[in-house]
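Sequence lines set the chain letters: A, B, ... in the order given, protein chains first and strands last, and positions in each chain run from 1.
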There are 4 protein chains.
Amino acid sequence: MNATVKETKDLIMEAAIFLFNTKGYDGTGVRDIAKKANVNPANISYYFKGKKGLLEACLIQFFEGYLACLEEKVFLLETLPPDECLKQGLKSILSFQRENHLLTRFVWREVSIDSQISREIIASYLVKEKYFLHLILEQGIKDGIFANLPESLVMIQLKSMLTMPFLQSQYLREVWHTFPQEKYFVEKYMMMIERWIDSTLCSLLQENRHFDRKII
Amino acid sequence: MNATVKETKDLIMEAAIFLFNTKGYDGTGVRDIAKKANVNPANISYYFKGKKGLLEACLIQFFEGYLACLEEKVFLLETLPPDECLKQGLKSILSFQRENHLLTRFVWREVSIDSQISREIIASYLVKEKYFLHLILEQGIKDGIFANLPESLVMIQLKSMLTMPFLQSQYLREVWHTFPQEKYFVEKYMMMIERWIDSTLCSLLQENRHFDRKII
Amino acid sequence: MNATVKETKDLIMEAAIFLFNTKGYDGTGVRDIAKKANVNPANISYYFKGKKGLLEACLIQFFEGYLACLEEKVFLLETLPPDECLKQGLKSILSFQRENHLLTRFVWREVSIDSQISREIIASYLVKEKYFLHLILEQGIKDGIFANLPESLVMIQLKSMLTMPFLQSQYLREVWHTFPQEKYFVEKYMMMIERWIDSTLCSLLQENRHFDRKII
Amino acid sequence: MNATVKETKDLIMEAAIFLFNTKGYDGTGVRDIAKKANVNPANISYYFKGKKGLLEACLIQFFEGYLACLEEKVFLLETLPPDECLKQGLKSILSFQRENHLLTRFVWREVSIDSQISREIIASYLVKEKYFLHLILEQGIKDGIFANLPESLVMIQLKSMLTMPFLQSQYLREVWHTFPQEKYFVEKYMMMIERWIDSTLCSLLQENRHFDRKII
DNA sequence: GATGAATGAGTTTTCATTCAT
DNA sequence: CATGAATGAAAACTCATTCAT
């Protein structure tokens with residue numbers, strides 16, 4: 001009659017992700033989570049050492065998966081051209097985020113809050129992400145495929161494109177009539193990204209037009 | 001001895017914006033706000049009819065200012081070329097957001113939460129925004145200046161670029177060593193946006209490369 | 001434009017009586033009263049020295065009028081037969097209560113609460129009432145018109161009949177389809193009371209049937 | 001160490017009844033109740049879903065018991081004469097109210113306030129009470145035992161006699177030196193009621209004296 | 001492992017009143 | 001005389017967590 005440990009823990013996380021996404025971390029009560037998961041509230045403290053621990057578990061689950069996508073593709077740098085490598089990495093991340101769209105939205109929102117835990121996350125995970133992107137971009141420039149744009153700007157634009165559909169999903173729905181969780185979302189959205197890569201990142205001709213006198 | 005109404009109300013809003021941004025709406029208590037504003041907690045209910053009313057006041061203040069930036073520039077469509085008009089509009093919004101960067105970050109985060117008020121905001125303000133952008137894009141295409149890209153995709157990319165620096169400001173700091181509130185931020189960031197407009201939105205040659213077989 | 005002192009005071013009392021009756025003394029806020037009276041809440045403290053003072057003013061107004069009805073008729077004992085005197089006194093009270101039915105209901109309810117003020121009221125006003133009734137009943141017995149029933153029981157029954165229609169007005173409405181504030185209420189209700197006086201209080205024959213072995 | 005559920009719930013209700021009676025519903029705080037019951041204030045919300053729920057529980061407890069007294073005796077109509085049946089019913093109610101005299105006083109006072117809950121109570125319970133009384137009175141008239149007085153007036157007088165000692169207990173004390181909770185109260189008070197039944201309700205001779213020209 | 005009763009610290013809000021204007 | 005901004009105390013309630021079972 002009782003669920004096994006595994007099941008209970010997972011039920012809690014699943015409910016937590018849904019509710020954290022819908023109402024925010026602080027806006028969600030452990031009793032709400034417990035009720036949605038059909039378990040006793042005390043179990044949350046038991047399994048996750050409190051609500052904060054539950055949040056931490058969610059964040060870790062997300063970033064582990066997220067970075068795995070990128071790391072996997074960085075290894076292909078030796079065999080694939082950098083632009084292809086970048087495209088595959090971005091696609092992999094988008095797919096991961098699509099599969100975990102509730103978690104994704106919630107995490108990117110939550111790390112914009114200045115809490116201790118989000119500072120820790122940034123200090124560890126985002127630094128890794130930055131390093132992986134750096135490896136790819138560096139290679140692309142060395143190979144003469146990428147324009148020699150300021151790396152920081154490129155990263156920001158990439159990041160922006162990766163997270164935006166999840167953070168502003170209501171805008172997506174309103175404007176594009178598309179949800180990030182839809183079947184063909186990744187393919188549709190990748191076109192936009194690929195277009196950007198081809199026309200802006202790989203556009204060697206125009207590279208100096210804007211950034212000659214770069215004060216950046 | 002007593003502060004005037006204006007002062008008290010403004011002190012509360014200022015404190016609220018700071019704290020809502022730092023700790024999130026639900027993570028902030030009215031007592032925190034009152035303490036920071038150096039006023040009595042009861043004043044919050046007195047002036048704003050409760051915490052929710054205070055949130056609403058923040059949202060309205062933001063979106064009124066935000067839309068005013070855009071509306072003002074749409075009127076210039078008759079005298080300026082659409083790409084110039086778009087650039088000025090975006091720059092105006094960026095400036096507004098820079099001046100209110102705390103409010104901006106907080107608002108874009110909060111509307112991603114599924115609350116009644118955020119649904120109302122979207123229903124009224126975001127629809128207007130969409131309409132203004134539509135007017136500009138339509139004119140640009142008619143004038144043969146903008147590539148005939150799917151309007152929805154363009155809007156999403158624009159929106160993405162406009163909000164990203166504020167929502168992911170920690171990333172900006174980490175990667176670009178730049179804060180949105182800095183003096184030259186708008187000018188620096190506008191280069192990136194202008195580059196995108198010139199090389200992607202106005203690039204007539206390539207327009208069919210990606211979107212021939214558009215399933216979009 | 002401003003109301004005169006008299007008017008403001010009266011407006012407040014009127015509103016207070018209405019609201020105290022509807023929602024009870026503790027259930028009513030001074031701001032509710034002020035809003036209903038269209039005056040500033042500060043005036044209540046100003047004119048009545050606080051909410052408690054307002055309550056006191058209501059109670060005094062009621063009991064002064066109430067006792068005046070009775071006292072007036074007691075003077076007639078010298079010229080009228082006691083039963084007629086009693087009937088007139090009761091009718092006078094009923095009329096007074098009918099004219100002030102909101103106040104009446106509220107007062108009889110409130111004095112059943114064990115507050116300092118209700119104890120004081122009882123100590124002064126109800127003792128007077130008891131004395132007036134005693135004078136009438138005593139005369140009636142001396143004249144051989146009233147049965148020699150225990151005075152206390154008669155008083156209780158009288159009191160019961162006098163207050164019941166106001167305290168249980170919802171029952172009156174439900175059962176009798178009559179409101180105490182109606183035009184003919186006093187006349188209709190007096191029939192019931194007169195019947196009781198004639199058949200029970202003045203019924204000399206049966207008087208010993210029940211109270212022979214009185215343990216009372 | 002912890003009290004069982006039953007105990008805690010009952011402790012709260014007991015304390016609530018005492019305090020609601022003494023200071024009124026709105027005049028009583030949950031903290032007062034909790035302190036008197038020696039439990040944590042949070043338990044009140046836990047067990048009764050808030051102060052309002054506690055009030056509701058009190059009202060229900062009262063009216064369930066109250067109506068049970070009457071219903072039980074109505075069943076005896078087949079074997080007992082109606083006057084006897086009525087007397088037993090009234091005595092049963094008086095006994096119930098004596099045993100719960102604090103609750104009784106508080107409830108009859110509270111339902112005279114125009115709240116949502118009191119309206120609901122009246123709509124359900126008082127209608128039943130009226131129906132039970134109707135059955136008895138109807139039988140009495142059919143049997144030729146009760147005078148054919150207007151049913152509504154009889155009900156009002158009965159109701160008046162039943163509730164008065166509790167609502168005006170301070171008057172009882174002052175005038176009769178008797179408390180409703182005293183041992184012999186019911187017997188003493190029943191004499192008064194029986195006298196009324198015998199001399200007024202069952203008095204066939206006089207029945208038309210007052211109500212000939214009845215406008216009622 | 002799982003429960004639900006119980007808690008104390010915390011929340012937001014309402015209150016009657018005061019006071020400078 | 002009247003106002004309305006401002007206040008501190010108190011209100012009811014919610015919270016995450018604990019613990020005996």
What residues, two or more places apart in sequence or in another chain, satisfy ring pair (Phe, Tyr, Trp, His ring centres under 6.0 Å) together with D:F20?
-> D:Y25, D:F106
Would you check if there is a donor-acceptor pair between the side chains of B:Q168 and A:S112 at a distance under 3.5 Å?
-> no
Go through residues 35-46 of chain D and report each residue with a non-hydrogen atom lying under 4.0 Å from DNA chain E, sorted by number.
-> D:N40, D:A42, D:N43, D:Y46
Can you find a side chain N or O atom of A:T8 that sits less than 4.0 Å from OP1 or OP2 on E:dA2?
-> yes
Is the distance from OP1 or OP2 of E:dT11 to the nearest side-chain N or O of B:R31 less than 4.0 Å?
-> yes
Would you mind reading off the distance between A:F48 atom CZ and F:dT18 atom P, rounded to a whole angstrom?
-> 16 Å
Comparing B:V30 with C:G50, nearest DNA chain E nucleotide closer to 5' gives the residue B:V30
In whole angstroms, how far is the P atom of F:dT17 from the CD1 atom of A:I12?
-> 12 Å
Heavy-atom side-chain contact between B:I33 and B:T28 under 4.5 Å | yes
Salt-bridge present (A:D26, B:K23; N to O < 4.0 Å) | no
Can B:Y125 and B:E64 be counted as having a side-chain donor-acceptor contact under 3.5 angstrom?
-> yes
Taking for each residue the nucleotide of DNA chain F bearing the nearest heavy atom, is the 5' side occupied by A:Y25 or by D:D32?
-> D:D32
Considering residues at least two apart in sequence or located in another chain, which fulfil the side chain to side chain donor-acceptor pair (under 3.5 Å) criterion with C:D114?
-> C:R119
